[in-house]
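Working notes, beginning with the structure itself.
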There are 2 protein chains.
Amino acid sequence: MLHKIINLTVRDVRFPTSVEQHGSDAMHTDPDYSAAYVVLDTDRGLRGFGLTFTLGKGTEIVVCAVEALAALVVGKSLQEIVSDFRGFYRLLTSDGQMRWLGPEKGVTHLATAAVLNAVWDLWARSEGKDPEQIVSCIDFRYITDVLTEKEAVGETEDQMQKEGYPAYTTSCAWLGYPDQQLKQLCTDALKSGWTKFKVKVGADLEDDIRRCRLIRQMIGPNNTLMIDANQRWDVAEAISWVSRLSEFKPLWIEEPTSPDDILGHAAISKALAPLGIGVATGEQCHNRVMFKQFLQASALQFVQIDSCRLGSVNENLAVLLMAHKFQVPVCPHAGGVGLCELVQHLILFDYICVSASLDSRMCEYVDHLHKHFTSPVVIQDAHYMPPKDPGYSCEMLEASVQKHQYPEGDVWKLHMNK
Amino acid sequence: MLHKIINLTVRDVRFPTSVEQHGSDAMHTDPDYSAAYVVLDTDRGLRGFGLTFTLGKGTEIVVCAVEALAALVVGKSLQEIVSDFRGFYRLLTSDGQMRWLGPEKGVTHLATAAVLNAVWDLWARSEGKDPEQIVSCIDFRYITDVLTEKEAVGETEDQMQKEGYPAYTTSCAWLGYPDQQLKQLCTDALKSGWTKFKVKVGADLEDDIRRCRLIRQMIGPNNTLMIDANQRWDVAEAISWVSRLSEFKPLWIEEPTSPDDILGHAAISKALAPLGIGVATGEQCHNRVMFKQFLQASALQFVQIDSCRLGSVNENLAVLLMAHKFQVPVCPHAGGVGLCELVQHLILFDYICVSASLDSRMCEYVDHLHKHFTSPVVIQDAHYMPPKDPGYSCEMLEASVQKHQYPEGDVWKLHMNK
């Protein structure tokens with residue numbers, strides 16, 4: 001049965017999270033978690049929902065970029081797209097005029113992710129898929145020197161239904177939270193079964209020492225602590241700063257420096273290895289070519305894919321397969337708006353079809369904004385439980401979209417009148 | 001005297017160059033040379049003109065991004081900006097909400113370049129500058145491991161007025177030109193004194209062999225030939241393809257693979273060195289952090305800065321200084337719309353204040369669209385002659401802007417009615 005895509009709409013949806021400092025870190029002090037939210041309509045009434053995550057200001061630029069891509073999508077049938085999904089990926093990313101604006105990075109790539117996420121949602125709603133079809137979606141251009149198509153199909157298993165996929169929480173220790181709030185959230189999280197905690201660092205060393213000490217005391221020596229600097233440092237600064245925090249035994253330092261600095265991350269990895277601290281990065285790693293080099297250069301010990309930064313499932317699968325080849329665990333970035341909902345599908349795929357291991361693997365979780373989705377993520381005992389509804393899980397409640405649409409939604413009208 | 005910036009306008013200006021295949025290459029088969037064109041107005045009537053170069057479709061996205069940056073510029077005085085130009089650079093590139101869309105890459109960075117180019121134009125029109133003030137504009141974040149501020153001030157000289165800066169031409173051999181046109185243009189160029197020629201390659205090997213042979217026969221063994229694949233290949237493919245073209249003695253292969261693939265370029269550089277062929281890249285190298293690594297990894301032998309891809313003079317100076325430290329010659333990318341006009345200032349600065357050498361150095365030149373500028377670049381005997389008018393030389397004729405504004409200008413109305 002053909003589903004012809006007859007319309008694409010994109011809306012600028014913003015949540016005023018900065019008011020309570022949710023999501024605050026050393027480089028993003030006042031994020032308003034937002035999304036460019038895409039809906040595809042087909043001639044048979046089936047709809048596909050996709051989004052890319054943003055931090056507020058500038059979401060309108062991504063909306064503009066999605067509109068520029070719309071002409072490449074509308075008028076095509078779903079079957080036409082998925083029968084040559086790699087070709088469709090390249091159509092969106094390699095238009096002879098548009099690619100100058102990237103290629104495959106920044107605003108245009110975020111827009112590509114939003115559109116492709118909606119296409120994947122549409123496909124998943126319309127029928128089942130198997131791994132070989134999935135591999136056919138990857139564009140191997142520029143990465144065949146480390147991974148070819150032949151290597152990419154692994155074994156399948158299933159057991160996730162009972163236990164779920166391990167998660168860690170970032171909800172307790174945003175940089176803008178006062179110590180009292182941090183303590184309360186940490187106490188609550190421990191009660192709910194959380195064992196892995198991430199703390200934001202990087203703005204002030206004495207503050208970081210105090211906060212890390214506090215958290216380590218609360219969670220004890222056997223639970224896991226990670227720290228995240230959100231790109232705040234230069235290379236040498238990262239090494240000395242993190243060395244000062246090593247007494248708190250963090251598993252990893254996340255985003256120590258520029259997300260573009262592969263060789264810098266390699267130097268930091270090398271310097272911190274004797275302290276037992278790994279380097280994690282990826283939420284702003286803009287495409288598979290960058291991840292390829294991070295892996296080639298031993299520049300990271302934890303791969304943090306992002307469901308909205310990379311070109312949707314297509315490009316994320318390429319990275320999962322490369323990470324497997326280099327035997328580096330994938331611990332996806334999530335949180336924001338809808339990232340948990342999207343990324344749960346990617347970790348299941350990684351476990352069932354690629355890595356078949358949970359060793360050193362866990363997925364980020366942030367406890368915000370899930371209520372705005374029609375099929376919100378389900379967490380049990382600090383584990384992601386497999387989604388049950390068909391689709392890619394990022395359909396938002398229409399009432400939420402309308403209320404938070406920027407600038408005309410009620411939430412923003414109210415906010416601006418303050 | 002204070003100049004307060006009271007208004008910023010940005011317009012989408014496109015030239016239908018694809019009609020005659022000007023600018024066509026292996027990845028960009030039908031570019032319409034375009035610009036997001038920025039004008040700053042001050043309260044004292046002084047104006048600053050800046051642009052970033054684009055290839056047609058999607059220019060409206062860059063325009064949208066410039067509009068998002070406008071609030072950070074309008075209301076400030078020029079003196080306030082230039083007294084802490086590094087801080088202003090960081091303000092534009094590190095807004096806590098906007099930086100998620102990059103950071104410092106893609107659409108938002110192109111928009112930053114357009115705005116900062118206009119600020120530099122405004123500054124240059126308002127008064128003279130010296131190198132120490134210029135160095136104070138560079139943001140050293142993320143690159144202090146290879147370059148610190150102290151090392152960055154070199155010696156000054158002047159001699160350019162008589163001889164000019166050596167140029168090479170790309171106008172003869174766009175990929176879409178038939179052989180007969182290529183021959184005619186090459187004959188004309190030789191008559192005009194050109195000695196260095198670039199040929200587009202990468203779509204079809206037999207075609208490339210034929211075209212390279214033709215050009216090498218016409219220019220003889222002592223003139224210089226460069227080849228440019230515009231990112232067409234994977235790593236292994238690049239090495240084998242270029243090896244096949246080595247008999248034509250190209251000085252460099254430009255953009256053999258993904259502009260993000262530092263380690264890939266390093267592998268290609270290593271493989272081609274025994275053939276006497278260097279690797280050149282940079283026109284899509286998106287920021288100073290990437291150039292830093294290209295230099296650290298010996299991944300290029302010619303640095304091709306771009307006046308509109310990097311964050312204006314501020315970031316280009318960082319790259320010039322790093323290239324000098326690594327003793328790699330800078331041969332800027334130019335052509336497009338206004339790139340020659342802008343980049344002539346950067347090569348003069350490089351020669352007078354940084355490298356003090358012309359060895360292996362030359363600047364790209366393309367003979368199109370200069371007539372639309374109020375102070376077009378002056379070429380004499382295949383050399384760029386120093387600009388005489390104050391400013392950054394990218395003011396366009398208002399009549400040209402109006403005629404080519406997209407989609408409402410006369411040129412596009414006519415084009416769409418065909």
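Per chain, numbering begins at 1; letters A, B, ... match sequence-line order. Worth knowing before you read on, the calculation uses all heavy atoms, side chains too, and leaves out hydrogens, waters and symmetry mates.
Listed for the B/Thr52 side chain is a donor-acceptor partner under 3.5 Å among the backbone atoms of B/Cys308.
If you measure heavy-atom distances from B/Met98 to chain A, the contacts under 4.5 Å come from both the backbone and the side chain. Contact of B/Asp32 with chain A is made through backbone and side chain together, with heavy-atom distances under 4.5 Å. Looking at A/Ile262, the atoms closer than 4.5 Å to chain B (heavy atoms on both sides) sit in the backbone and in the side chain alike. Residue contact with chain A, scored on non-hydrogen atoms closer than 4.5 Å, is absent for B/Ala236. Proximity to chain A (any heavy atom under 4.5 Å) is shown, for B/Glu67, by neither the backbone nor the side chain. Interface remark: B/Pro259 contributes side-chain atoms only to the contact with chain A (heavy atom separation under 4.5 Å). Interface remark: B/Glu237 contributes no atoms to any contact with chain A (heavy atom separation under 4.5 Å). For B/Val62, the part lying near chain A is the side chain, with the backbone staying farther off; criterion is any non-hydrogen pair under 4.5 Å. The contact between B/Ala297 and chain A is made by backbone and side chain atoms together, counting heavy-atom distances below 4.5 Å. Contacts of B/His109 with chain A are absent, with no heavy-atom separation under 4.5 Å from either backbone or side chain. Contacts of A/Leu110 with chain B are made by side-chain atoms alone, with heavy-atom separations under 4.5 Å and no backbone atom involved. Neither the backbone nor the side chain of A/Ala238 has a heavy atom closer than 4.5 Å to any heavy atom of chain B.
Considering only heavy atoms from C-beta on, A/Leu8 comes within 4.5 Å of A/Val38 through its side chain. A/Val279 places a side-chain heavy atom less than 4.5 Å from the side chain of A/Pro256. The shortest side-chain heavy-atom distance between A/Phe291 and A/Leu310 falls under the 4.5 Å cut-off.
Counting heavy-atom pairs under 4.5 Å between each of B/Gly264, B/Ser94, B/Ala111, B/Gly106 and chain A puts B/Gly106 at the top. Heavy-atom pairs under 4.5 Å with chain A were tallied for B/Ser258, B/Gly58, B/Ala68; the largest tally goes to B/Ser258. For chain B, the option among A/Ser34, A/Gly102, A/Gly96 with the highest count of heavy-atom pairs below 4.5 Å is A/Gly96. When B/Pro31, B/Ser24, B/Ala65, B/Gly56 are compared by the number of non-hydrogen pairs under 4.5 Å with chain A, B/Ala65 comes out ahead. Between chain B and the residues A/Gln296, A/Gln231, A/Arg99, the most heavy-atom pairs under 4.5 angstrom are made by A/Arg99. Per-residue counts of heavy-atom pairs under 4.5 Å with chain B were compared for A/Glu104, A/Gln284, A/Met290, A/Gln293; the largest is that of A/Gln293. Interface check for chain A: of the options B/Thr29, B/Thr54, B/Thr59, the most heavy-atom pairs under 4.5 Å are formed by B/Thr54. For the options B/Val63, B/Asp95, B/Asp25, B/Thr108, heavy-atom pairs under 4.5 Å to chain A are most numerous at B/Asp95.
When each of B/Arg90, B/Arg309, B/Arg288 is paired with B/Glu315, the salt bridge (Lys or Arg N to Asp or Glu O under 4.0 Å) condition holds for B/Arg288 and for no other. Partner of A/Gln304 under the side-chain hydrogen bond (donor to acceptor under 3.5 Å, both in side chains) criterion, out of A/Glu283, A/Glu255, A/Glu254, A/Glu364: A/Glu254 alone.
Within the structure, salt bridge (Lys or Arg N to Asp or Glu O under 4.0 Å) pairs that include any residue of residues 257-266 of chain B comprise A/Lys105-B/Asp260, A/Lys292-B/Asp261 (at least two apart or interchain).
For B/Tyr33 and B/His22, the gap between ring centers reaches or exceeds 6.0 Å. Between A/His404 and A/His415, the distance separating the two ring centers is not shorter than 6.0 angstrom.
Both tests pass for B/Arg14 against the ring of B/Tyr406: distance under 6.0 Å to the centre and angle within 45° of the axis.
Residues forming a side chain to side chain contact (heavy atoms under 4.5 Å, CB included) with A/Asp30 (at least two apart in sequence, or on another chain): A/Ser18, B/Gln97.
In this structure, A/Trp100 and B/His333 have tilted ring planes: the angle between them lies in the 30° to 60° band.
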